[in-house]
*Asks:* 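Here it is: the structure, laid out below.
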Amino acid sequence: MLLGGNLPGLMRPLLRVVDLIRKKRDGGELTREEIAFLVEGAARGTVPDYQLAAWLMAVVCRGMTRAETASLTEAMLHSGDVMDFSALPAAKVDKHSTGGVGDKTSLVVAPIVAAAGLYVPMISGRGLGHTGGTLDKLESIPGFRVNLSLKEFREALIACRCALGGQTPEIAPADKKLYALRDVTGTIESPTLICASIMSKKLAEGIDALVLDVKTGDGAFMKKEQDAIALAELLADTGKQMGKRVVALITDMDQPLGKTIGNALEVQECLEVMNGDGPEDLRELCLELSAWMLFLGKRVRDVAAGRKLAQEMVASGQARDTFRRVVQQQGGDERVVDDPSRLPRARRMETVRSKQNGFVARIACERVGVASLILGGGREKQDDVIDPAVGIVLEKKVGDAVKSGDSLCTVHYNAGARLQEAMAMLEGSFVIRVEPPPPRTPLIRKIVGA
Ligand code: URA
């Protein structure tokens, strides 16, 4: 296949896709022009899927240099529209999480930071595997629309200083194409491909700064801390090469964040945090992420001042008021903000109880995520329909003392078909020991790129 390309600033000789597959297969370094050529071909549909898939596999096996990763990110970013919010009178900042169980901070940090005066154009994703997705959580609010056009996204951002939407066809179309291929060709697990996929979408938001929450532990995609750190360094470095202020927090995902897993249950917990309440780990992470966003967005002089300002936004009710405005702007029932009983509720509940005295030594985090998924809280197949009401509420977390018969967690469900499977999975997820476990590693394990 012979193609020219038109990424700005590139004069390109005619290239052959098969030569580029061979070059990467043999461990060669692709040039910016060669990468742009492949990515344009993916976005326009001029390179066939079998050649793209072969090239993706070569990338997974051989890896890419930092320069190649930056070129790939740049080409994927420019495969579609890049939003321009430079006329807005304050910095544009966002946060991205690599995904976890009960990981719901976006719904809290976006309104905190917007209430403090910065703009938050946030494009999020749906649940992936055992992890939840911001869009699915938001859609549990009756009427809430995440499928905004670029025009609607802009209007929401101007009206509320915060817009919460999904990837539109105009945003990084090459990522849409390549991600779908990666999903079915065993080529998701590549730091380079993950980095280019995440950063191309985030940079298309027209942001000045980005805070990354890179999860590590049993419930994360990066189970090992050193892998999470390597991904964080790659993400931060790539963002900086594209002229953005980027920092990455490596955070614990060895147990679910907060107490709830499941879409409407998680929205309710976020509202608790916006009311100055809620579980300590969730509150802590929301404040820290907000503080870094406020600092990178130059709203405050240091992270400590960012934290103080974030606390003020919660204590004064301004974060909650901003969230209410966003819900209203995006077509949702804003009454849920003051009356969470309007959120979808499961009809039935079942309790998982401890069979012994002792202390919770471990919660198998990924299994808890899978248990919520099989109750209907996530998707096993792409076209599965989510039940927003179902999920799990943890009554005990790691380190807590338990007595035989105590409730470990409550299962909220509607259809009973897979209840027993989920219950068995949850029973096996809690490891109870006689001795208290050693002190936990901190929630925020490391900061990369500060
Ligand atoms: N999230 C993305 O958007 N892309 C990836 O490749 C992995 C996670």
Side-chain angles (χ1 to χ4, degrees), residues 35 38-39 42-43 52-53 55-61 63-64 68-70 72-77 79-80 82 94-101 103-106 121-137 146 164-205 207 210-217 219-224 227-228 230-236 238-239 242 244 246 248-251 253 366 369 373 378-379 382:
I35 289 171
L38 280 161
V39 170
L52 291 173
W55 174 70
L56 288 168
M57 187 55 85
V59 172
V60 171
C61 296
M64 276 189 156
E68 285 178 297
T69 306
L72 183 62
T73 307
E74 184 195 20
M76 283 170 54
L77 168 67
S79 70
V82 180
D94 193 10
K95 185 233 46 153
H96 177 81
S97 162
T98 55
V101 179
D103 177 20
K104 51 190 85 74
T105 59
S106 292
M122 187 179 272
I123 292 178
S124 303
R126 298 201 175 271
L128 193 64
H130 65 280
T131 68
T134 301
L135 300 183
D136 297 327
K137 297 181 216 289
V146 296
L164 305 172
Q167 187 178 6
T168 69
E170 300 93 338
I171 298 293
D175 171 64
K176 224 175 175 136
K177 172 77 199 176
L178 293 176
Y179 194 88
L181 276 177
R182 287 168 61 208
D183 205 17
V184 290
T185 56
T187 51
I188 291 282
E189 296 86 352
S190 149
T192 281
L193 296 176
I194 292 174
C195 173
S197 169
I198 291 173
M199 294 305 280
S200 61
K201 283 173 288 201
K202 288 285 143 183
L203 298 176
E205 295 169 345
I207 47 173
L210 177 66
V211 176
L212 294 154
D213 180 1
V214 180
K215 301 284 183 198
T216 185
F221 290 113
M222 298 286 156
K223 310 268 185 231
K224 292 193 206 134
D227 293 342
L231 178 63
E233 284 171 350
L234 188 62
L235 288 161
T238 305
M242 308 288 286
K244 309 297 171 189
V246 185
L249 277 58
I250 310 290
T251 72
M253 192 31 75
E366 181 171 348
L373 184 153
R379 297 178 190 80
Q382 240 178 3

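Remember, it's 1-based here, ligands and their atoms both numbered in the order they're listed. The structure displayed is predicted, hence computed values, not measured ones. Values below: every heavy atom of this structure, side chains too, minus hydrogens, waters and symmetry copies.
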*Asks:* Without hydrogens or angle criteria, can the side chains of S97 and K215 be said to hold a donor-acceptor pair below 3.5 Å?
*Replies:* no

*Asks:* Is Y179 in polar range of ligand 1, meaning some N or O pair under 3.5 Å apart?
*Replies:* no

*Asks:* Checking a contact table here: which protein heavy atom is nearest atom 1 (N) of ligand 1, and how many Å away?
*Replies:* I198 CG1, 3.9 Å

*Asks:* For atom 3 (O) of ligand 1, what is the closest protein heavy atom, and at what distance to 0.1 Å?
*Replies:* K201 NZ, 2.5 Å

*Asks:* Before accepting this row, confirm whether a basic side-chain N of the pair K95/D213 lies closer than 4.0 Å to the acidic partner's carboxylate O.
*Replies:* no

*Asks:* Identify the closest protein heavy atom to atom 4 (N) of ligand 1: which residue and atom is it, and at what distance?
*Replies:* S197 OG, 2.6 Å

*Asks:* Less than 3.5 Å apart, any donor N or O on the side chain of T187 or T185 sitting next to an acceptor on the other?
*Replies:* yes

*Asks:* Assess whether a salt bridge exists between R182 and E189, defined as any Lys/Arg side-chain N lying under 4.0 Å from an Asp/Glu carboxylate O.
*Replies:* no

*Asks:* Can a donor-acceptor pair be found between the side chains of T69 and T192 at a distance below 3.5 Å?
*Replies:* yes

*Asks:* Based purely on interatomic distance, does H96 place a nitrogen or oxygen under 3.5 Å from a nitrogen or oxygen of ligand 1?
*Replies:* no

